[in-house]
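Here's the structure we're looking at; comments come further down.
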Amino acid sequence: MTPQAARIELTELVSYLLTNELAIVAQTPMIVDRSGGIREVCSSSLKATRSALVGASGTLWEYRSVLRSGDFLVLLYEGSILQMQYAFSPDGALLRHRHAFLPCPIRFEGDMVEEAPDLETAIGMVLEEFSPWPTNFSEQVEHTEASLLLRGPIRFDFDRELHDELHSACHLHISSESCRVPVFGPLSVGHFVRFVFRHFLPNAWSAHEEIRSWKLRYFDRTIEQAETEEAFMDSRRLA
Amino acid sequence: MLELVIGSQKNPHAKTVLWEAFSQYESEWTGTLYVGYPIIASAEGPISVDGLLCCKEHGLVVFDFESFDGGFSAVEARQDEVHAAVFRKLYDTKELRRGRQGLKIDISVITVSPKVDGSKRSEEVVLANPEKLASVVSELPPMSQELLALVNASIERVSNLKPYAKRPQVTRTDSRGAIIGRIEKEIANLDSWQKKAAIEAPEGPQRIRGLAGSGKTIVLALKAAYLHAQNPDWDIVLTFHTRSLYQQLRDLVLRFSFEQMSDEPNWDKLRILHAWGSSRYPGVYSTIASAAGQHIRDFDYGKRTYGYNEAFEGVSAELLEGLRDDDVPQIFDAVLIDEAQDLPRQFFELAYLASKPPHRVVWAYDELQNLTRHTMPPLEELFGKTPEDVPRVPGLRTDAAPKEDIILPVCYRNTPWALSVAHALGFGVYREEGLVQFFDDPQLWEEIGYEVVRGKIEPDSHVELRRARQSYPRYFEELLDPEDAVATEVFDTPNYQAEWVAESIRANLEEDELRHQDILVIVCNALRQKADAARVMKALADHGVSAHLAGVTTSVDTLYREDSIAVSGIFRAKGNEAPMVYVLHSEYGAQSGLELIKRRNVLFTAITRSRAWVRVCGVGSRMVAVKREVEAVVKNDYSLSFSVPSVEELKRLRRIHRDMPEAEKSRISAAEKEFREILSRIERGELPPEVISDDLLELVRRVHD
C-alpha cells in the first residue's frame with residue numbers, strides 16, 4: 001500500500017459513508033510531509049492531532065475536544081467518531097497507523113432530538129451543559145435529560161519501530177492507554193471498518209453489504225511468537 | 001456644508017453653546033464640528049476634547065470648556081495639554097508633518113467660559129465668551145481642501161480592524177488573491193458613516209440599521225469603548241445573541257479602548273454579556289433577575305416550559321410579569337444590543353426598564369435577515385407600554401442631533417451585482433411564472449440600498465430599481481468585473497457539476513493565488529446534502545484537494561481550514577462569508593411545488609455568502625430557468641424591473657408559497673405520490689385511462705389554466 005493508495009481508499013470510505021447517510025460530518029484525508037521524509041495520510045496538516053485515549057482513560061472532555069477540533073475522518077450518524085491515519089517511511093513502506101473509534105457518550109431521550117434541528121445540534125446542546133461558554137472547563141456535571149454512557153474508545157496502534165516488552169508492534173487499546181492487546185500486524189482499512197461496524201454498529205452492519213465486503217488487505221505480520229501465548233487479536237487470510 | 005457630529009457630552013452645555021455659535025454657518029462652511037470627540041490617550045489618562053471644529057474656512061480649532069477664574073497660567077497649562085494631545089494625534093499622519101518638528105497646520109485652542117469678558121488673548125492663549133465665539137473663530141485663517149481631508153481622516157482615525165490576513169503566496173498584482181487582499185485592506189478602515197454612527201450619542205434610545213455586512217457590530221464595539229472612555233463611571237453593557245460573537249466583541253472593544261485610553265477598559269464597568277446568561281455565567285437577563293431578587297431560569301427550564309424556539313421569550317416574559325415597572329432595578333447607564341433581530345421583544349422591555357433615565361438603549365439589527373418577514377416588532381411595541389398603556393418609546397426623531405435613528409448604507413460584504421442577482425432570484429423578479437414573494441413594506445427597498453431608476457414603488461405600479469451608488473464601496477468597481485463577480489453554470493449531470501467545480505477550485509488554488517480558506521462550497525438541498533457533498537468532495541480528492549463537510553457542533557471559527565476546502569449545507573453557511581463561493585444544485589431554488597419561498601431564500605442566502613466571486617451552479621432544465629433569470633438581471637444592467645404587487649396579490653403569494661407545517665406537507669406529498677402512481681400505471685398500460693372520471697379531468701384542465 002502506498003500513501004496514494006491509502007488516501008484513495010480512505011476517500012472512498014468517506015464518500016460511501018456520506019452518500020449513505022452513515023456520516024454527518026467528514027474530512028477527506030490529505031498526504032502531509034513530516035520531518036525525516038515521512039509521509040502521513042491524515043485529516044489535518046497540523047502537527048499535533050487530537051487523538052482519543054491520550055490520558056489514562058477516555059473522557060467526555062476528550063470526545064468533545066476531538067469533536068470540536070474537527071480532527072477526524074468522520075462523525076457517524078449516531079455521534080461516534082472515526083479517526084484514521086497512516087504514516088509511511090521515505091522508502092514507501094508502512095511505518096505507523098492510528099485508527100480510533102470514539103463511541104458517542106450521549107444517548108438522547110425522547111423529545112430532545114426532535115426539538116433540536118438535528119443530531120449534531122442536539123450533541124452540541126448537551127455538550128454546552130458541560131462547558132458553558134466562554135470556554136471554561138468545569139468539572140461539575142449538570143443535570144441533563146440525556147444518559148451518559150460508559151463506553152470506552154478503542155484504538156489500534158501500529159509502529160514498526162516502537163517495539164518492546166510493553167508494546168507489541170501492533171496493539172489494541174480498549175478504554176485505556178494501559179490496555180495493549182497484541183494484534184497480528186498492521187490493519188488495512190477493511191479490517192478496521194469491518195471490526196467497528198460488525199461489533200459496534202450492528203444495524204448499519206446488516207444494512208450495508210459494501211461494508212461487510214470491504215476488501216481486506218494483509219500486510220506482513222509483526223506479532224512475535226511469545227506474544228501469542230496469551231490472548232491476542234489475530235486475523236488470517238482464508239486459504 | 002458644516003456637518004455636526006454630537007458625541008457623548010461630558011459638558012452638556014458645550015453642545016448648546018457650539019451649536020448656537022456655529023449653526024448659522026451650516027451651509028456656508030465646509031467641514032465638521034465635533035462635540036465630545038475625540039478622546040485622545042495621553043500619559044495622564046484619556047483627554048476628552050469638548051469640541052473640535054475642522055473647516056476649510058478657518059482651519060482647526062479646539063474648544064475647551066473650562067471654568068475661568070481670572071488665572072491665565074492655569075488656562076495656559078490646560079491648553080498646552082489639549083494642544084499637545086491633538087498635536088500628537090495629527091502627527092501620526094505622515095502627510096501632515098512638516099519636517100521633523102512640526103505640522104503643516106496650526107492648532108488653535110480656545111477656552112470658552114461665560115466668565116470671560118468678550119474675548120482675551122495673551123500670546124497663544126485665547127479665551128472667549130460664548131457670545132463672542134463665532135467672531136473669534138471667523139478671524140482665523142483658512143486651510144486647503146487637501147489638508148482638510150487629511151485632518152478629518154486623522155481625527156477620525158481609529159486603529160485598523162482585524163489585521164487582514166497575510167497572503168505570502170500572492171506574487172502577482174492582478175491575481176484573485178491580490179484582489180481580495182486589496183479589498184480586505186480597504187475594509188480594515190472604518191468609513192465615516194460607521195465612525196459617526198459610533199460617536200453620535202443621544203440622551204435616549206438609538207436605533208442602528210443596515211444590511212448584513214454594513215459593519216454594525218464594529219460600530220457598537222466602538223461606541224461601547226468610546227462611551228466608556230468618555231464616562232468611566234457609567235455601567236455599560238454590550239450584549240448579543242450568538243455566543244460565538246463574544247470573542248469578536250471583546251477583541252474589538254479592547255482594540256478601540258487602547259486607541260482611546262492606551263489601556264484596557266475597566267471590565268467591571270464595561271461589560272460584554274450574552275443576552276441570557278445562566279446562574280454560573282452572567283448575562284443581561286440573569287443580572288437583572290438577580291438584582292431584582294428573582295429566580296434565574298436556565299435554558300433547560302425555558303425549553304421544557306416554552307419550547308425550544310420560544311425559550312428566551314418565555315423566560316423574559318416571566319420575569320417581566322413578576323415585576324412592576326418600579327421593581328426593576330435600574331442598573332445600567334447604557335445598554336448596547338447587537339443582533340437585535342434575534343432577541344425577543346420582552347428582552348428589549350427588560351433592557352429599557354433596567355436602564356437609568358434617559359434610557360440609553362442602543363440596538364442594531366440587520367434589515368434583511370429573512371426576505372419576507374420584518375422580524376423586528378414595530379417601535380411602539382418593542383419596548384412595551386407603561387401601566388397607563390402608553391408606548392414607552394413611541395418614536396424616534398429623524399431630524400435629531402445627535403441622531404436617534406441611523407442607517408448604515410454601505411454594504412461591504414457583497415458586491416452590488418451579487419446582491420442584485422440574489423434579490424432578483426430571492427423574489428423571483430424575472431421568474432417566468434411571476435413573483436414568489438415580496439416585502440410587506442415596499443419602502444424597505446430604499447432602506448436596504450436600492451434607488452428608484454424609473455417608476456414608483458407603489459402597488460400596481462411598474463418600477464425599476466438599482467443598487468444606489470452610495471450603497472457599495474468604490475473599490476468593488478475598481479477591482480472587480482461584474483461578469484466575473486457573478487457567473488452561472490448549467491450542467492447535464494451532477495457528476496459534470498462536481499468535476500467542473502473541482503477543476504475550478506484547483507485552478508483557484510494553483511493559479512489564482514487563493515487559499516483554501518478563501519473558498520466555500522454550498523450545497524442547496526438539505527435533504528440530499530450529504531450525497532451531493534460526497535460527490536464534490538470525491539471530485540476534489542481526485543484533483544488532489546482535500547475537503548471537509550462541516551458540522552454544527554464545531555465552533556464557528558473552524559468552518560474554514562488552511563489545508564482543506566469547506567463544503568457546507570446552507571444552515572451551517574449562514575453567518576459565514578468567503579471571497580469565492582460555489583453554489584451547487586441551485587436548481588433546487590427553481591423547483592416548483594411546496595415551500596418555494598423557502599427554496600428561494602436558500603438561493604438568496606447562498607449567493608450572499610460571497611465577498612467577491614460567486615458561481616451559481618446547477619443541473620438540468622430547471623437550472624436553465626435559473627440561468628435565464630440571472631441573465632435577465634444582467635441584461636437589465638443589474639437593475640430589477642417589475643410590477644409592484646397589489647395588496648391582494650401579496651396575500652395570494654404568501655398563501656401559495658408559504659412555509660408549511662410538517663403534517664400538511666406530508667399529507668400533500670402522500671396525495672401527490674398516489675396521484676402520480678395512478679398516472680404512471682395508466683401510462684404503462686396497467687390501468688385504462690377511464691379510471692379517471694371526466695369531471696376530475698376537467699378539474700385538472702381548469703386548474704392548469
Side-chain angles (χ1 to χ4, degrees), chain A residues 4 7-8 10-12 14-32 42-46 64 67-72 74-75 77 79 111-112 114-129 132-136 138 140 142-145, chain B residues 242-247 250 272-274 277-281 283 298-300 303-304 307-309 311 516 526-542 544-555 557-559 561-569 571-572 662:
Chain A
Q4 269 306 340
R7 184 167 174 284
I8 289 174
L10 288 175
T11 302
E12 287 279 345
V14 168
S15 187
Y16 181 83
L17 294 174
L18 267 183
T19 308
N20 289 278
E21 309 273 330
L22 288 170
I24 51 184
V25 178
Q27 168 80 59
T28 54
M30 54 194 85
I31 299 181
V32 182
C42 57
S43 314
S44 161
S45 59
L46 293 177
R64 182 186 57 197
L67 187 63
R68 285 206 173 139
S69 72
D71 191 8
F72 47 79
V74 291
L75 173 69
Y77 66 97
D111 56 355
M112 191 166 193
E114 276 136 43
E115 288 198 354
D118 51 56
L119 176 71
E120 288 179 70
T121 309
I123 294 177
M125 277 165 55
V126 172
L127 293 182
E128 274 268 317
E129 300 280 338
W133 124 121
T135 52
N136 258 331
S138 164
Q140 270 183 305
E142 292 230 336
H143 161 78
T144 67
E145 286 174 33
Chain B
T242 309
R243 304 207 150 174
S244 49
L245 199 49
Y246 174 75
Q247 202 53 54
R250 202 187 147 93
I272 301 178
L273 300 177
H274 184 257
S278 68
S279 49
R280 254 182 300 151
Y281 286 94
D298 65 6
F299 182 65
D300 230 24
K303 193 185 44 150
R304 268 184 283 123
Y308 184 81
N309 286 318
H516 287 79
L527 292 179
R528 283 189 355 229
Q529 181 185 316
K530 297 182 193 76
D532 291 340
R535 199 176 294 114
V536 71
M537 285 167 77
K538 182 142 191 311
L540 280 165
D542 289 343
V545 180
S546 197
H548 57 282
L549 175 62
V552 286
T553 40
T554 52
S555 71
D557 279 346
T558 58
L559 172 58
R561 295 196 200 147
E562 274 175 24
D563 46 16
S564 172
I565 301 288
V567 179
S568 167
F571 191 70
R572 184 71 174 87
E662 278 305 314

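Quick note on labels: first sequence line is chain A, next is B, and so on, each numbered from 1.
- Within the 4.5 angstrom heavy-atom criterion, no atom of Val567(B) approaches chain A.
- Per-residue heavy-atom pair counts under 4.5 Å with chain A were compared for Asp532(B), Leu549(B), Ile565(B), and the maximum is reached by Leu549(B).
- Remark: side-chain polar atoms of His548(B) are not paired, donor with acceptor, to backbone N or O of Met537(B) under 3.5 angstrom.
- For a residue to count as touching a neighbouring chain, one of its non-hydrogen atoms must lie under 4.5 Å from one of that chain's; by this rule Thr11(A) touches chain B with the side chain only.
- Between the side chain of Ser546(B) and the main chain of Thr28(A), a donor-acceptor pair closer than 3.5 Å is present.
- Gln27(A) places none of its side-chain heavy atoms less than 4.5 Å from the side chain of Val14(A).
- Heavy atoms only, all atoms of each residue included: Tyr77(A) and Ile24(A) are closest at CA-CG2, 4.3 Å.
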